[in-house]
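The structure appears below as structure tokens.
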Amino acid sequence: MKGSSRGNRIFSEENSICGQKFGKLQNSPEHNDSAFTISSPPDYDPDYLMGAEEAGPTSPLKKSPWSAHMNISDDKNNSNDSSETANESFSPNVLMGSLVREEGHIYSLASSGDLLYTGSDSKNIRIWKKHHEYSGFKSNSGLVKAIIIAREKIFTGHQDGKIRVWKVSSKNASNHKRIGTLPTLKNYIKCSMKPSNYVEVKRNSKVLWIKHLDSISCLSLSEDQTLLYSASWDKTFKVWRVSDFKCLESITAHDDAVNALVVGFDGLVFTGSADGTVKIWRKELQGKGTKHFFSQTLLKQECAVTALAVNSDATIIYCGSSDGLVNFWEREKNLQHGGVLRGHKLAVLCLATAGCLVFSGSADMGICVWRRVDGDHICLSVLTGHTGPVKCLAVERDNENSTPGEKRWTVYSGSLDKSVKMWRVSEQAPPMVPNQKHQHYTSDGYCVPMLSAAPSFASRGGKMGSRRF
């Protein structure tokens with residue numbers, strides 16, 4: 001992609017092909033008339049998704065990859081048809097901007113203050129600051145499946161089964177240097193000396209237990225950020241010490257790919273798998289170190305578990321599944337099942353929490369915003385603007401625009417349509433009012449958005465059609 005570099009900001013030239021495609025996206029009717037209306041794309045294809053390829057005039061906007069959706073008509077039109085009953089003192093949940101790059105599908109996001117890290121199948125990790133490209137770095141191989149930030153270190157999990165570690169330069173905050181790859185060469189050589197460190201993976205085939213044999217699906221940190229957890233499609237999760245990158249444990253956790261892992265509360269670790277189960281692992285002190293032991297199976301079902309999240313108060317564990325449901329369990333009731341959130345027609349691919357809000361992103365291209373009030377969950381919005389499955393979410397507090405009476409959040413969503421979108425979300429936004437065209441309520445009171453143009457994966461042979469996510 002040809003572009004100009006100006007102060008660590010890379011933009012498409014206005015007369016380049018990519019620049020024209022970006023301009024066409026800005027002025028296309030489907031984006032300007034209503035940022036929350038989905039046009040009908042073709043059936044999902046991993047190698048092609050509708051987006052910047054649509055025709056239209058060249059954009060007169062500034063050379064920034066962010067497109068704004070800030071006009072008053074958008075705010076009124078995008079409040080999920082609840083404007084008649086909305087409390088006008090609070091802001092609706094709206095799309096603030098879109099970032100489109102012609103370099104691959106977005107698989108991972110991580111936010112830290114005013115910085116946003118994005119990972120894609122281009123192997124690039126890009127860093128955005130205040131909605132402008134700030135910096136970036138690139139791995140040698142393996143698309144970026146997960147990103148997690150631990151103080152001055154950034155860990156990235158890749159499809160090649162490796163975890164790469166990056167550090168911000170003390171002299172220049174825009175420079176990131178790779179300082180290691182897990183497992184480290186030192187750890188690998190030392191471990192290879194003992195025959196007992198090899199495990200059999202196939203008949204007459206053994207490998208070191210410290211190495212992941214398949215794609216990294218997710219990363220998580222312990223509460224004190226001393227331990228890093230990596231889950232993989234190889235059915236295991238591993239525990240790494242952050243201080244020296246040593247692999248401490250490898251646990252064969254499931255009978256199929258581990259799609260999700262989250263560190264919970266009371267020393268518990270939750271894992272979700274394509275085998276349809278959610279399992280709890282208990283961390284215990286043992287000598288000078290720690291060991292993880294199986295505690296119980298929280299869920300067992302036919303469909304794959306695809307996402308896990310713990311709320312900010314560490315009182316509820318949420319679980320998304322390939323059937324579009326979100327189950328949850330409550331800590332105060334000894335992890336008794338609390339209920340089901342029914343808001344999607346296709347698989348829930350990602351979950352995030354902030355304050356009293358829960359966000360669920362789905363293969364149906366929508367993002368449901370739920371507010372928990374006294375144990376009940378109310379659907380505030382269905383954020384619809386992506387033209388591909390929503391694969392990852394990140395949330396940051398919007399301190400500049402929050403008030404004592406209204407807490408706001410900035411939500412970033414990454415999609416397989418090759419874009420990242422930024423949303424403004426208010427905890428005090430009015431709940432959805434159902435209408436026949438867009439959503440309805442089921443007999444048990446749950447809101448189900450009737451999203452049009454939901455792609456079908458059943459007939460496809462790619463990863464999205466499998467139980468691995």
Side-chain angles (χ1 to χ4, degrees), residues 46 49 98-101 103-113 115-129 133-150 153-166 176 178 181-182 212 214-221 228-233 237 240 257-263 272 306-309 320 347-353 359-363 367 386 388-396 410-423 462-464 468-469:
L49 281 166
S98 300
L99 167 65
V100 179
R101 276 291 185 188
E103 64 176 13
H105 310 312
I106 306 299
Y107 280 90
S108 53
L109 293 173
S111 59
S112 177
L115 296 180
L116 174 69
Y117 293 76
T118 63
S120 70
D121 55 11
S122 69
K123 307 171 190 175
N124 288 327
I125 298 96
R126 294 198 178 273
I127 309 168
W128 307 90
K129 186 174 183 177
E133 187 160 351
Y134 178 63
S135 183
F137 45 95
K138 185 175 182 178
S139 63
N140 295 328
S141 61
L143 68 84
V144 189
K145 298 279 288 184
I147 305 173
I148 196 164
I149 303 169
K153 297 185 182 71
I154 297 96
F155 294 90
T156 55
H158 299 257
Q159 192 175 33
D160 61 6
K162 295 179 181 179
I163 302 167
R164 292 171 173 85
V165 192
W166 314 81
H176 291 67
R178 183 163 63 89
T181 300
L182 309 186
H212 277 301
D214 208 333
S215 176
I216 303 289
S217 57
C218 63
L219 298 171
S220 187
L221 284 166
L228 173 72
Y229 295 83
S230 60
S232 170
W233 288 355
F237 74 87
W240 312 80
V258 183
N259 289 325
L261 181 150
V262 66
V263 175
T306 52
L308 293 172
V348 175
L349 302 181
C350 50
L351 291 168
T353 64
F359 306 90
S360 55
S362 170
I367 304 162
H386 282 293
V390 180
K391 192 69 178 66
C392 47
L393 295 166
V395 187
E396 279 291 328
T410 300
V411 180
Y412 302 98
S413 57
S415 169
L416 300 190
D417 64 7
K418 304 179 183 179
S419 77
V420 176
K421 294 188 183 296
M422 182 180 70
W423 314 82
K463 293 296 183 184
M464 289 302 299
R468 296 181 173 192
F469 296 86

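All heavy atoms count here, side chains included; hydrogens, waters and symmetry mates do not.
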**Item:** Check: Trp240 and Ser230 side chains under 4.5 Å, non-hydrogen atoms
**Value:** yes

**Request:** Take Asp121 and Tyr107 through the side-chain contact (heavy atoms from CB on, under 4.5 Å) test and state the conclusion after the steps.
**Result:** CA-CA 7 Å; Asp121 55 11; Tyr107 280 90; 3.8 Å; yes

**Separation of Lys391 NZ from Ser108 OG (nearest 0.5 Å)** = 9.0 Å

**Asked** Mind checking whether Lys145 and Ser215 have side chains closer than 4.5 Å, heavy atoms only?
**Response** yes

**Asked** Hey, does Leu393 have a side-chain heavy atom less than 4.5 Å from the side chain of Tyr412?
**Response** no

**Asked** Any idea which heavy atoms bring Ala347 and Ser362 closest together, and the distance?
**Response** O-OG, 2.8 Å

**Asked** Would a 4.5 Å heavy-atom cut-off, applied to side chains only, mark Ile106 and Cys392 as touching?
**Response** yes

**Request:** Output, in order, the C-alpha distance, side-chain angles, deciding distance and verdict of side-chain contact (heavy atoms from CB on, under 4.5 Å) for Trp128 and Leu99.
**Result:** CA-CA 10 Å; Trp128 307 90; Leu99 167 65; 3.3 Å; yes

**Asked** Got a second to check how far Ser220's OG is from Phe237's CZ, nearest 0.5 Å?
**Response** 11.0 Å

**Request:** Could you label the plane-to-plane angle of the His176 and Phe137 rings as parallel, tilted or perpendicular, counting under 30° as parallel and over 60° as perpendicular?
**Result:** parallel

**Cys350/Val390 under side-chain contact (heavy atoms from CB on, under 4.5 Å): CA gap, chis, key distance, verdict** = CA-CA 7 Å; Cys350 50; Val390 180; 4.1 Å; yes

**Asked** Within a strict 4.5 Å, meaning less than it, do heavy atoms of the Leu109 and Leu116 side chains meet?
**Response** yes

**Rounded distance (nearest 0.5 Å) linking atom CD1 of Ile127 with atom OG of Ser112** = 10.5 Å

**Partner residues of Ser111 under the side-chain hydrogen bond (donor to acceptor under 3.5 Å, both in side chains) criterion, sequence neighbours left out** = Glu396

**Which atom of Ser232 lies closest to which atom of Ser217, heavy atoms considered** = N-OG, 3.7 Å

**Prompt:** Without hydrogens or angle criteria, can the side chains of Ser413 and Lys421 be said to hold a donor-acceptor pair below 3.5 Å?
**Reply:** no

**Asked** For the residue pair Leu221 and Ile149, what are the closest heavy atoms and their distance?
**Response** CD1-O, 3.5 Å

**Request:** Working to the nearest 0.5 Å, report the span between CG of Leu115 and OH of Tyr134.
**Result:** 6.5 Å

**Message:** If only side-chain N and O atoms count, and only distance matters, is there a donor-acceptor pair under 3.5 Å linking Asp160 with Ser141?
**Reply:** yes

**Fill in**
Residues Ser415 and Pro389: closest non-hydrogen pair is OG-O, 2.8 Å

**Request:** Please name the pair of heavy atoms, one in Ser122 and one in Lys138, separated by the smallest distance, quoted to 0.1 Å.
**Result:** O-CE, 3.8 Å

**Message:** If you define the side chain from C-beta out and look only at heavy atoms, does anything of Ile367 sit under 4.5 Å from Trp423?
**Reply:** yes

**Item:** Partner of His158 under side chain to side chain contact (heavy atoms under 4.5 Å, CB included), chosen from Thr181, Ile216, Val144, Ile163
**Value:** Val144

**Message:** If I take atom CD1 from residue Ile148 and atom OH from residue Tyr229, how far apart are they, to the nearest 0.5 angstrom?
**Reply:** 11.5 Å

**Request:** List in chain and number order the residues that pass side chain to side chain contact (heavy atoms under 4.5 Å, CB included) with Ala309, two or more places apart in sequence or in another chain; answer none if no residue qualifies.
**Result:** Leu351, Thr353

**Item:** Non-hydrogen side-chain atoms of Thr410 and Val395 separated by less than 4.5 Å
**Value:** no

**Residue pair Leu308 / Leu261, side-chain heavy-atom distance below 4.5 Å** = no

**Asked** What's the shortest heavy-atom distance between Ile125 and Thr156, and which atoms?
**Response** CG1-CG2, 4.1 Å

**Message:** Does either side chain, that of His105 or that of Ser120, offer a donor lying less than 3.5 Å from an acceptor on the other one?
**Reply:** no

